[in-house]
Amino acid sequence: LLLILKKTIYILIIVALNLYVCTYLVSKLSSRMELRRGYRMTRVGGIGFPAIRFLSYLGKKANMNIWIFLLFIFSLLIWTVAPFNSNLVLVDMDWSLMAAILFIIIIIVLNLAGQLSTRYKLIMGTASRKMIMVLSLTIPVFLSIISLLFVNKSFGFKEIVSLQHVYWNIVYQPLGFIICLTSIILVIKILRFNKSGAIGAAGFGEYEGNGISRLIMKFSEYTIVIFLIYMTVILYLGGFKNLFFIRGEIMLGIKFYAVLIFSLFAGKALGNIEDYRLLFRINFKFLIPLALINFAVTLGFFIARNIYGLV
């Protein structure tokens, strides 16, 4: 019981610290790319501003409902199946990847349900469409993950990482990695992470809810993006495997922030993509067909090698 408590505390500290760093980096990098100052209300380049914004939410009237409460619970539960090294994982199961996918879907659906339950129908109509778009962008990601499962023959994060001791999975599934990365970039664009330092499906100044409910909504959206990046690093880039003398936990952090920063710059290079019809065309006419092609090729290779012994 003491070991479980220690792991829980470690994981909460890791998640909270990285959430804080991601919040700061997203706003700071976005402001620099837009030739703005960004956070300047505190010393040392505004590094304390995310904490000030957090406290400002707590000072407002709370407007909680059952969907917001469940959203907070599942936004935390998803990290119970995420290993940060070979020993630091709260729930070590053989089906951790499937559990993580289920958690992501639940978080998106609960986020959507929380928005639909508000009385502000006009703004929530915009936010709801964006969350539906985020949900649709997980389709090519999950298709790419299914293709990866044929290569690794495992449903556990730790086993998949251990199988990358010679080559990372990006070598065997480069198209799947590109699809996942593109989907992450589009999710960041939809949630407007790099839009004037604001986050939220409805954007800064349009996000519904007061106080802690608004904070939980933002936390869930950051959880979606952060976990998708984390999962991409685990599945395709070797995860927490050591690289020469560099410890696996440090390598996991380096690769995570490299993907995050690249996604932010790539999203900014795409300009303003606000047309939902264009986003749906990109997803359903480009990403999903590519994911299906990758799946078909991988399945054909799997059958040829494991059933007919041709490869």
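- Relative orientation of the Tyr230 and Phe84 rings is tilted, given thresholds of 30° and 60° on the angle between their planes.
- A donor-acceptor pair is defined here as one N or O able to donate and one able to accept, closer than 3.5 Å; no such pair exists between the side chain of Glu221 and the backbone of Ile188.
- With contacts defined as side-chain heavy-atom distances shorter than 4.5 Å, the pair Ile234/Val161 qualifies.
- To the nearest 0.5 Å, atom CD1 of residue Ile282 and atom CD1 of residue Ile288 are 12.0 Å apart.
- With hydrophobic clusters built from ILVMFWY side chains whose heavy atoms lie under 4.5 angstrom apart, Leu237 does not share a cluster with Phe244.
- Contact check for Asp94 versus Phe155: no side-chain heavy atoms found under the 4.5 Å cut-off.
- Atom CD1 of Ile106 and atom CD1 of Ile73 lie 12.5 Å apart (nearest 0.5 Å).
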Problem set entry | Residues Met133, Leu137; criterion side chain to side chain contact (heavy atoms under 4.5 Å, CB included); working and verdict | CA-CA 6 Å; Met133 189 65 226; Leu137 280 170; 4.0 Å; yes
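- Leu112 places none of its side-chain heavy atoms less than 4.5 Å from the side chain of Leu135.
- In the hydrophobic clustering of this structure, Met251 does not group with Ile160; members are Ile, Leu, Val, Met, Phe, Trp, Tyr whose side-chain heavy atoms approach within less than 4.5 Å, directly or through other members.
- Under the 4.5 Å side-chain heavy-atom criterion for ILVMFWY residues, no single connected hydrophobic cluster contains both Ile250 and Ile13.
- Taking CD1 from Ile216 and CG from Leu76, the interatomic distance works out to 9.0 Å, rounded to the nearest 0.5 Å.
- Between Phe280 and Phe284, the ring planes lie parallel to each other; the angle is under 30°, not in the 30° to 60° tilted range.
- Rounding to the nearest 0.5 Å gives a distance of 13.0 Å between CD1 of Ile139 and CD1 of Ile179.
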For this session: Check the pair Leu88, Glu249 against side chain to side chain contact (heavy atoms under 4.5 Å, CB included), reporting the backbone distance first and the verdict last.
Result: CA-CA 10 Å; Leu88 186 55; Glu249 301 90 337; over 6 Å; no
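- At a threshold of 4.5 Å between non-hydrogen side-chain atoms, the residues Trp79 and Phe227 count as touching.
- A cation-pi arrangement is found for Lys255 relative to Trp168, the charged atom lying closer than 6.0 Å to the ring centre and inside a 45° cone about the ring normal.
- Across Ser154 and Glu159, no two heavy atoms sit closer than the pair OG-CB, 3.1 Å.
- Grouping the Ile, Leu, Val, Met, Phe, Trp and Tyr side chains by contacts below 4.5 angstrom, directly or via other members, places Ile101 with Val141.
- Looking only at side-chain heavy atoms (C-beta outward), Asn242 and Ile246 stay at 4.5 Å or farther from each other.
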For this session: Go through Leu77 and Phe74 one step at a time and tell me if the side chain to side chain contact (heavy atoms under 4.5 Å, CB included) criterion holds.
Result: CA-CA 5 Å; Leu77 283 178; Phe74 279 97; 4.2 Å; yes
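- In this structure the side chain of Pro140 never reaches within 4.5 angstrom of the side chain of Leu290, judged on heavy atoms.
- Open room surrounds CZ on Phe262; 12 or fewer heavy atoms of other groups in view lie less than 6.0 Å from it.
- Residues forming a ring-ring contact (aromatic ring centres under 6.0 Å, His included) with Phe69 (at least two apart in sequence, or on another chain): none.
- Under a hydrophobic-cluster definition in which Ile, Leu, Val, Met, Phe, Trp and Tyr are linked whenever side-chain heavy atoms come within less than 4.5 Å, directly or via other members, Leu279 and Phe286 are assigned to the same cluster.
- Remark: side-chain polar atoms of Ser96 are paired, donor with acceptor, to backbone N or O of Phe157 under 3.5 angstrom.
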Sequence neighbours left out, cut at 3.5 Å: what donor-acceptor pairs do the side chains of residues 294-303 make with other protein atoms?
unit_1 : atom_1 : unit_2 : atom_2 : d
Asn294 : ND2    : Gln173 : OE1    : 2.9
Thr298 : OG1    : Gln173 : NE2    : 3.0
Thr298 : OG1    : Asn294 : O      : 2.7

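- Residues Met98 and Leu149 approach most closely at CE-CD1, 3.8 Å, considering heavy atoms.
- Taking each heavy atom of Ala100 and Ile78 in turn, the nearest pair found is O-CD1, 4.1 Å.
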For this session: Given side chain to side chain contact (heavy atoms under 4.5 Å, CB included), test Asn169 with Phe177 step by step and report yes or no.
Result: CA-CA 9 Å; Asn169 281 329; Phe177 172 76; over 6 Å; no
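- Interatomic distance, CG of Leu228 versus OG1 of Thr232, reported as 6.5 Å (0.5 Å rounding).
- In this structure, CD1 in Ile11 is found 7.5 Å from OG1 in Thr80, a value given to the nearest 0.5 Å.
- Using a 4.5 Å cut-off on side-chain heavy atoms (C-beta onward), Asn111 and Trp67 make no contact.
- Residue Ile307 qualifies as enclosed at atom CD1: its count of foreign heavy atoms under 6.0 Å is above 12.
- With no hydrogens or angles considered, no side-chain donor-acceptor pair links Asn152 and Tyr172 at under 3.5 Å.
- Between Ile107 and Ser75, the shortest heavy-atom contact is CD1-CA, 3.8 Å.
- No side-chain donor-acceptor contact under 3.5 Å links Asn87 and Lys7.
- Residues Ile104 and Met231 are in side-chain contact: their nearest non-hydrogen atoms beyond the backbone lie under 4.5 Å apart.
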